[in-house]
Amino acid sequence: MDATMSVMRVGVILGGISSEREASLASGRQVCVHLNPQKYAAIPLFMDLQARLWHIPQKLLIQNTTSDIVPRLEGEAERVCYEDLRSLIEFAFIALHGKYGDDGCTQGLLEFLRIPYTGSGVLASAVCMDKYMAHMVLKQAGVEVARELLVEDLGWEEDPEKVRNEIVEIIGLPCVIKPDREGSSIGVSVVSEKSEIDGALEEAFSWDNLVLVEEYLGGLEFSCIVLGNDELQPLVPTETATENQYLTYEDKYMPGQSQKITPARVDREVLAKIQEEVVKAYQALGMKNYGRIDGFLVGGNRVLITDPNSSSGMAPSSFLFHQAADVGLNPMMLFDRMIELALEAHEGKRGPL
Ligand SMILES: Nc1ncnc2c1ncn2[C@@H]1O[C@H](COP(=O)(O)OP(=O)(O)OP(=O)(O)O)[C@@H](O)[C@H]1O
Ligand SMILES: [Mg+2]
């Protein structure tokens, strides 16, 4: 008998068309390596820049970058049309990050195909991708967020001086300027002088039509994973520290570039307070299965939430695994738990999650 017959066929979707596709390749590979072989057969599905899916063999999965994979797809991988996905996989592990990945688009596609998937549903994923929209929801729920201003590209083009003045007067300097819907610190700048505003806005607008300007928060930056659908389990927050003005792309992914300390070096009561706010945010945003909520501890006791994320990096060194280890879950057990929770969330639903 074929050994894979009794196990669930899990499509691990990785790569994708967003700026975070390299991070996604690392995440997806880690998922494929650690899925429990007694329960699941991992089927790596690479999404190329045209959003086409390919079932890739191991020798492509282990390539360093997505650009090493792309030229070899035609010859070495098997193209999978969306309509055929359902006959190939029973469950989708979404290891995509960023636009068209964890922002509700892939989730919507899987809803059409009636394939259960990891992570939050369409709405929560879309809201988490849009930082300004997510902050609106958080404020409504009594969760503190930074002072902020949303700038649209048309408004900036029409009257740049008005925008510059608003930034200085309403937000103040230093401030953080970032694309409203991106990830991995792409397009982010810290601005200390009015003369730096133009460059920072142009950089952020090269990634998005909407740009968010936030007050610069000093203090301790944290990142906290939550597991669960209704009954929620916040893991222990990680402190992310850097010598730069903010956590850069390199800080996030290059080993040794920044410090990721789990648990964050604060009193137990403060850790509990962070977890409480994180859970409040997760619930307010309607997140399911798992998510990662980032924020700052200011002045030792104020917890502000800056960035709720509907997925999290899963490269081997990711703090997701440090936090999971803290509650006794190794990567295989963590993925088991995520899949179980996802199946539970999708069971019995009466419309898209
Ligand atoms: N208001 C702020 N004050 C100080 N630093 C900030 C602020 N907002 C963002 N940063 C810094 O910029 C980094 C990137 O910003 P943010 O977390 O909002 O975006 P992201 O690109 O979605 O990140 P991620 O990939 O972690 O989801 C943060 O990790 C933090 O170091
Ligand atoms: Mg983010």
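Remember, it's 1-based here, ligands and their atoms both numbered in the order they're listed.
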Note to self: Just to confirm my output: which protein heavy-atom neighbour is closest to atom 18 (O) of ligand 1, and how far is it?
What the structure shows: Lys178 NZ, 2.6 Å

Item checked: Atoms in ligand 1 with a heavy atom of Asp294 nearer than 4.0 Å -> 26 (O)

Note to self: Please tell me whether Thr238 and Thr262 have a donor and an acceptor in their side chains that are separated by less than 3.5 angstrom.
What the structure shows: yes

Check: Do ligand 1 and Glu20 have nitrogen or oxygen atoms that lie under 3.5 Å from each other?
Finding: no

Notebook entry, point to check: Counting heavy atoms only, which part of Leu217 comes closer than 4.0 Å to ligand 1: side chain, backbone, both or neither?
Noted result: both

Note to self: Taking the basic N atoms (NZ, or NE/NH1/NH2) and the acidic carboxylate oxygens, is any pair closer than 4.0 Å for Glu20 and Lys252?
What the structure shows: no

Check: Are Glu277 and Arg302 close enough for a salt bridge, meaning some N to O gap below 4.0 Å?
Finding: no

Checklist line | NZ/NE/NH1/NH2 to OD/OE distance under 4.0 Å, Asp48 and Arg52 | finding: yes

Next item on the list: Check each heavy atom of Leu247 against ligand 1 and say whether those closer than 4.0 Å belong to the side chain, the backbone, both or neither.
Entry: both

Check: Can you find a heavy atom in the side chain of Phe222 that is under 4.5 Å from one in the side chain of Ile305?
Finding: yes

Next item on the list: Using a strict 4.0 Å cut-off to heavy atoms of Asp307, name the atoms of ligand 1 that fall inside it.
Entry: 16 (P), 17 (O), 18 (O), 19 (O), 20 (P), 22 (O), 23 (O), 24 (P), 26 (O), 27 (O)

Next item on the list: Could you tell me whether Glu182 and Lys99 have a side-chain N and a carboxylate O separated by less than 4.0 Å?
Entry: yes

Margin query: Give me the residue, atom name and distance of the protein heavy atom closest to atom 25 (O) of ligand 1.
Written below: Ser184 N, 2.5 Å

Check: By number and element, which atoms of ligand 1 are closer than 4.0 Å to a non-hydrogen atom of Glu221?
Finding: 28 (C), 29 (O), 30 (C), 31 (O)

Margin query: Is there a polar contact between ligand 1 and Tyr253, counting only N or O atoms under 3.5 Å apart?
Written below: no

Margin query: Among all protein heavy atoms in this structure, tell me which lies nearest to atom 6 (C) of ligand 1, with the distance rounded to 0.1 Å.
Written below: Phe296 CZ, 3.7 Å

Notebook entry, point to check: Which residue owns the protein heavy atom closest to atom 1 (N) of ligand 1, what's the atom, and how far is it?
Noted result: Glu214 OE1, 2.7 Å

Check: Out of the N/O/S atoms in Asp307, what is the name of the one closest to the Mg ion (ligand 2)?
Finding: OD2

Note to self: At less than 4.0 angstrom from any non-hydrogen atom of Asn309, what atoms of ligand 1 do you find?
What the structure shows: 27 (O)

Item checked: Residue selection (non-hydrogen contact nearest atom 12 (O) of ligand 1) among Trp207, Tyr216, Tyr246 -> Tyr246

Notebook entry, point to check: Near Glu182, which atoms of ligand 1 are under 4.0 Å from a heavy atom of that residue?
Noted result: 22 (O)

Checklist line | Side chain to side chain, Arg292 and Ser311, heavy atoms closer than 4.5 Å | finding: no

Item checked: Side chain, backbone, both or neither: the part of Val190 lying under 4.0 Å from ligand 1 by heavy atom -> neither

Check: Any luck finding a side-chain donor-acceptor pair between Ser192 and Tyr216 under 3.5 Å?
Finding: no

Next item on the list: Note the single closest protein heavy atom to atom 2 (C) of ligand 1, along with its residue, its atom name and the distance in Å.
Entry: Val176 CG2, 3.5 Å

Check: Taking N or O atoms only and a 3.5 Å limit, does Gln245 qualify as a polar contact for ligand 1?
Finding: no

Check: Taking only heavy atoms of Glu215, which atoms of ligand 1 are found under 4.0 Å from at least one of them?
Finding: 1 (N), 2 (C), 3 (N)

Item checked: Trp156 side chain reached by Asp198 side chain, heavy atoms, under 4.5 Å -> yes

Checklist line | Per-residue contact class, Lys252 against ligand 1 - non-hydrogen pairs under 4.0 Å | finding: side chain

Check: Does Ser184 bring an N, O or S atom to under 2.8 Å of the Mg ion (ligand 2)?
Finding: no

Checklist line | salt_bridge(Lys273, Glu276) N-O dist < 4.0 Å | finding: no

Next item on the list: Apply the side-chain contact (heavy atoms from CB on, under 4.5 Å) test between Tyr40 and each candidate in Val31, Val7, Asp336, Val12; give the one that qualifies.
Entry: Asp336

Next item on the list: Please tell me if the side chains of Phe46 and Thr66 come closer than 4.5 Å, counting only heavy atoms from C-beta onward.
Entry: yes

Checklist line | Candidate with minimal heavy-atom separation from atom 13 (C) of ligand 1, of Ala23, Ala146, Ser185 | finding: Ser185

Next item on the list: Report yes if some heavy atom in the side chain of His34 is under 4.5 Å from a heavy atom in the side chain of Met314; otherwise report no.
Entry: no

